[in-house]
Protein chains: 2
Amino acid sequence: MTKHHPELSLLFHALADPTRRSILTRLAGQPARVTDLSEPTGLRLPTVMRHLSVLEAAGLIATVKDGRVRTCAIVPDALEPARTWLDEQRSIWEARLDRLEALAMQAMKERTE
Amino acid sequence: MTKHHPELSLLFHALADPTRRSILTRLAGQPARVTDLSEPTGLRLPTVMRHLSVLEAAGLIATVKDGRVRTCAIVPDALEPARTWLDEQRSIWEARLDRLEALAMQAMKERTE
DNA sequence: ATGATAGTTAGCAATATGACTAAGCATCAT
DNA sequence: ATGATGCTTAGTCATATTGCTAACTATCAT
């Protein structure tokens, strides 16, 4: 157990920044050039580039350069590992709750005997 | 749009660290003392404390001190905001895919005319 | 060929992160 | 009352993050 999941770390880290999340939601609407992403955020181009490379390293976006224009788009399935992990945890955490409940019922039962 | 979600940032940031994820899965099994969490990770107590305070700030765990022992436990619903955000994104991203698909079909249709 | 446009690279500054040691404080057991 | 135990605080260190400016490269339009 306790596996290393560098992929998950990259993903969650990428999602932890509000600027990057807003870039993602922007790209969810439609692909965009780097400059298009710079304007609404009010950030300079190099700063946006940094965020894009973090997103790309996490597999959340893909980019292609055509002439001097780089176009960025979301990678639809990229969120799956995060979702999967959250779901796994939820089921484990719920199982724990069920056990607690069972213990509580056992305790009540014993008290009435 | 483009709301600030400090809560989400804290959550994702907390989940981005493998040590913290392993602490969470450890706690999912059963509550534990700080020392119990220190041993398997091989980290010193102050380091574990730091991670615990990050987890607590994100609302992922709750701790109580009884005598000199602090007991840590997961907060079952704490992952919900993350799950909700991921689900929202997925539905938006999928809607975008549907639109792309519609466009592609339109293009094919026009080509055959 | 010149200038404007789009992106990139390099480097800086402030702050945050993640680990540690050393020392302190508050119990608990004897 | 004393020592061991469990946590806490303070302070250090190395590295990473997030923003910037300035200077560079590559393309496109004229």
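It should be emphasised that the depicted structure is a prediction, and the values quoted were computed from it without experimental measurement. Quick note on labels: first sequence line is chain A, next is B, and so on, each numbered from 1.
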So, OP1 or OP2 of D:dT18: does either fall under 4.0 Å of a side-chain N or O from A:Thr47?
no
Measure from NZ on B:Lys65 to C1' on C:dC28 and round the result to the nearest Å.
13 Å
d(CD, B:Glu39; P, D:dC7) in whole Å
10 Å
Check whether more than 12 heavy atoms from other residues, nucleotides or ligands sit under 6.0 Å from atom CZ of B:Arg90, and answer yes or no.
yes
Under 4.0 Å: is that the gap between some side-chain N or O of A:Arg68 and OP1 or OP2 of C:dT8?
no
Nearest heavy atom decides the nucleotide; on that basis, is A:Thr19 or B:Arg70 closer to the 5' end of DNA chain D?
B:Arg70
With sugar-phosphate meaning primed atoms plus P, OP1 and OP2, does B:Arg50 contact a base, only sugar-phosphate, or nothing at under 4.0 Å between heavy atoms?
base
May I have the distance from A:Leu43 (atom CG) to D:dT18 (atom C1'), rounded to whole angstrom?
9 Å
Using whole Å, report how far CG of A:Asp17 lies from P of C:dT15.
17 Å
Keeping to residues at least two apart or across chains, list the side chain to side chain donor-acceptor pair (under 3.5 Å) pairs with something in residues 68-81 of chain B.
B:Thr63-B:Arg70
Side chain of B:Val34, heavy atoms from C-beta onward: which of D:dT18, C:dC20, D:dC7 has the nearest atom to it?
D:dC7
Starting the side chain at C-beta, find the nucleotide from D:dC7, C:dA19, D:dG19 nearest to B:Thr35.
D:dC7
With distance as the sole test, does A:Asp66 use its side chain to make a donor-acceptor pair with the main-chain N or O of A:Val69 at under 3.5 Å?
no
Taking the minimum atom-to-atom distance to the side chain of B:Val69, which one of D:dT18, D:dG6, C:dT9 wins?
D:dG6
Provide, to the nearest angstrom, the distance between the CG atom belonging to A:Leu55 and the C1' atom belonging to D:dT17.
14 Å
Atom CG of A:Leu45 to atom P of D:dT25: distance rounded to whole Å?
18 Å
Would you tell me if any nitrogen or oxygen in the side chain of B:Arg33 comes within less than 4.0 Å of OP1 or OP2 on D:dG6?
yes
Whether A:Phe12 and B:Phe12 hold their rings parallel, tilted or perpendicular, with breakpoints at 30° and 60°
parallel
Kindly say whether A:Arg44 contributes a backbone atom to a donor-acceptor pair with the side chain of A:Ser38 at under 3.5 angstrom?
no
Value in whole Å for how far the C1' atom of D:dA23 lies from CE of A:Met49:
15 Å
Nearest-Å distance, CG (A:Leu10) to C1' (D:dA16)?
13 Å
Check the phosphate of D:dA16 against A:His13, side-chain N and O only, distance under 4.0 Å to OP1 or OP2. Yes or no?
no
Return no unless some side-chain N or O of B:Arg44 is found under 4.0 Å from OP1 or OP2 of C:dA22.
no
